[in-house]
Amino acid sequence: MTDQFNKRTVFNQIIDEQNEGIDPYKTLKGHAEEDQDRRIKSTESFLKTLGTVEDFTDYITDKYKTIILKSYELYENKYNDVIDDSLCIEIWSDGTYLVTNETLHYDCKSEADLRLLKELFLKTSFCVDVTELNKNGHKAMVDVEARAKNLKELEQLIKEYRVCNSNYLKDKVVEIVGDDGNIYFDRKIDR
């Protein structure tokens, strides 16, 4: 028993000497920050494969900066109007991603539009939040959002959103030639 005790004591002394001056909290914190930085960089690279990415992190209020690490607008570059073309992607400190159109929500002018949006997103991972307006010819504002645990789920959510968005807009847009010579879709009538 004494030999066992002595070996353990010597081992602990060696470990203590190796770790002298190292703050274990700072070391853990440093690794966590490195992991977050890697996650952010890999997410940015991934999003760039799906469209144009604009960093909106500076617009996160101080109250949420410890919860939301990064915020991006992802543009599909398919529609002429950013309202129709963008999707907000947030990287959260808990390891999840939030995908939402909350910053540029759907603006429904009719009950039929509202019903169509609800039907399109019904069998997806997205939650639908409807704010009834009934003023100035607008029926409601509709926000959708969903969470992803990893990049594969994030990719799936972005694809789901884009399919629903395209189906919602298919009868509302026409092809146009943009100033850059590329073909885009634009709304048939002014909103």
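For this chain, numbers begin at 1 and follow the sequence in order. Given the structure is predicted, the values throughout are model-derived calculations rather than measurements.
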Exercise. Apply salt bridge (Lys or Arg N to Asp or Glu O under 4.0 Å) to Glu54 and list each qualifying residue two or more places apart in sequence or on a separate chain.
Key: none

Self-check item: Asp55/Lys70 ion pair, N-O < 4.0 Å
Solution: yes

Exercise. Output all residues satisfying side chain to side chain contact (heavy atoms under 4.5 Å, CB included) with Gln156, sequence neighbours left out; order by chain, then residue number.
Key: Glu160

Exercise. Supply the atom-to-atom distance Cys88 SG to His105 NE2, rounded to the nearest 0.5 angstrom.
Key: 14.0 Å

Exercise. List the atom of Asp84, the atom of Tyr79, and the distance in Å for their closest heavy-atom pair.
Key: O-CD1, 3.5 Å

Quiz item: Do we see a donor-acceptor contact under 3.5 Å between the side chains of Thr57 and Lys65?
Solution: no

Practice problem: Answer yes or no: does atom CG of Asp179 have more than 12 heavy-atom neighbours from other residues, nucleotides or ligands under 6.0 Å? | Solution: no

Exercise. With sequence neighbours excluded, tell me which residues meet salt bridge (Lys or Arg N to Asp or Glu O under 4.0 Å) with Lys118.
Key: none

Quiz item: Within the distance-only criterion (no hydrogens, no angle test), does the side chain of Thr49 pair as donor or acceptor with the backbone N or O of Phe46 below 3.5 angstrom?
Solution: yes

Quiz prompt | Gap between atom OH of Tyr72 and atom CD of Glu44 - 0.5 Å precision | solution = 3.0 Å

Quiz prompt | Note, Asn182 side chain near Val177 side chain (heavy atom, < 4.5 Å) | solution = no

Exercise. Answer yes if the side chains of Asn165 and Tyr106 hold a donor-acceptor pair under 3.5 Å, and no otherwise.
Key: yes

Quiz item: Would you say Leu74 and Thr52 make side-chain contact, with heavy atoms under 4.5 Å?
Solution: no

Quiz prompt | Spacing of CG belonging to Asn101 relative to CD belonging to Glu145, to within rounding of 0.5 Å | solution = 9.0 Å

Quiz item: Which residues satisfy the side chain to side chain contact (heavy atoms under 4.5 Å, CB included) test with Leu116, sequence neighbours excluded?
Solution: Leu120, Tyr168, Lys172

Quiz item: Quick one: which of Thr96, Leu69, Leu154 gives a side-chain contact (heavy atoms from CB on, under 4.5 Å) with Ile91?
Solution: Leu69

Quiz item: Under a 4.5 Å cut-off applied to non-hydrogen side-chain atoms, are Asp113 and Ser110 in contact?
Solution: yes

Quiz item: Would a hydrophobic clustering, with Ile, Leu, Val, Met, Phe, Trp and Tyr connected at side-chain separations under 4.5 Å, put Ile40 with Leu47?
Solution: yes

Self-check item: Ion pair check, Asp85 and Lys78, cut-off under 4.0 Å
Solution: no

Quiz item: Can you get from Tyr59 to Val53 by hopping between Ile, Leu, Val, Met, Phe, Trp and Tyr side chains that sit under 4.5 Å apart?
Solution: no

Quiz prompt | Close side-chain approach of Asp186 to Val173, heavy-atom, < 4.5 Å | solution = no

Taking only distance into account, with no hydrogens and no angle test, what donor-acceptor pairs under 3.5 Å do side-chain atoms of residues 122-129 form with protein atoms, sequence neighbours excluded?
unit_1: Thr124; atom_1: OG1; unit_2: Phe121; atom_2: O; d: 2.8
unit_1: Thr124; atom_1: OG1; unit_2: Phe126; atom_2: N; d: 3.1

Quiz item: Checking Ser166 side chain against Val163 main chain: does a donor-acceptor pair fall under 3.5 Å?
Solution: no

Quiz item: Where do Arg147 and Val99 land on the side-chain contact (heavy atoms from CB on, under 4.5 Å) test, with the steps shown first?
Solution: CA-CA 6 Å; Arg147 287 207 175 272; Val99 179; over 6 Å; no

Quiz item: In Å and rounded to the nearest 0.5 Å, what is the NZ to CZ distance from Lys139 to Arg115?
Solution: 10.0 Å

Quiz item: Are any of the side-chain nitrogens in Lys159 or Glu155 under 4.0 Å away from the carboxylate oxygens of its partner?
Solution: yes

Practice problem: Compute whether any side-chain donor of one residue and acceptor of the other, for Glu73 and Thr103, lie under 3.5 angstrom apart. | Solution: yes

Quiz item: Do Thr66 and Ser93 have side chains that get closer than 4.5 Å, going by heavy atoms?
Solution: no

Quiz prompt | Approximate separation, where rounding is to 0.5 Å, of Leu104 CG and Leu87 CG | solution = 10.0 Å

Exercise. Find out if a path of hydrophobic residues (ILVMFWY) with successive side-chain heavy-atom gaps under 4.5 Å connects Leu169 to Ile83.
Key: no

Self-check item: From Ile183 atom CD1 to Asp180 atom CG, the distance as rounded to the nearest 0.5 Å
Solution: 9.5 Å

Quiz item: Is the closest side-chain donor-acceptor distance between Glu153 and Tyr97 under 3.5 Å?
Solution: no

Quiz prompt | Validation row: Ile158, Leu50 side chains within 4.5 angstrom (heavy atoms) | solution = yes

Quiz item: Does atom NZ of Lys149 have more than 12 heavy-atom neighbours from other groups under 6.0 Å away?
Solution: no

Quiz prompt | Common cluster, Tyr75/Tyr184, ILVMFWY with side-chain heavy-atom separation under 4.5 Å | solution = no

Quiz item: Under a single-linkage rule joining Ile, Leu, Val, Met, Phe, Trp and Tyr whose side-chain heavy atoms are separated by less than 4.5 Å, which residues share a cluster with Ile60?
Solution: Tyr64, Ile67, Ile68, Trp92, Leu98

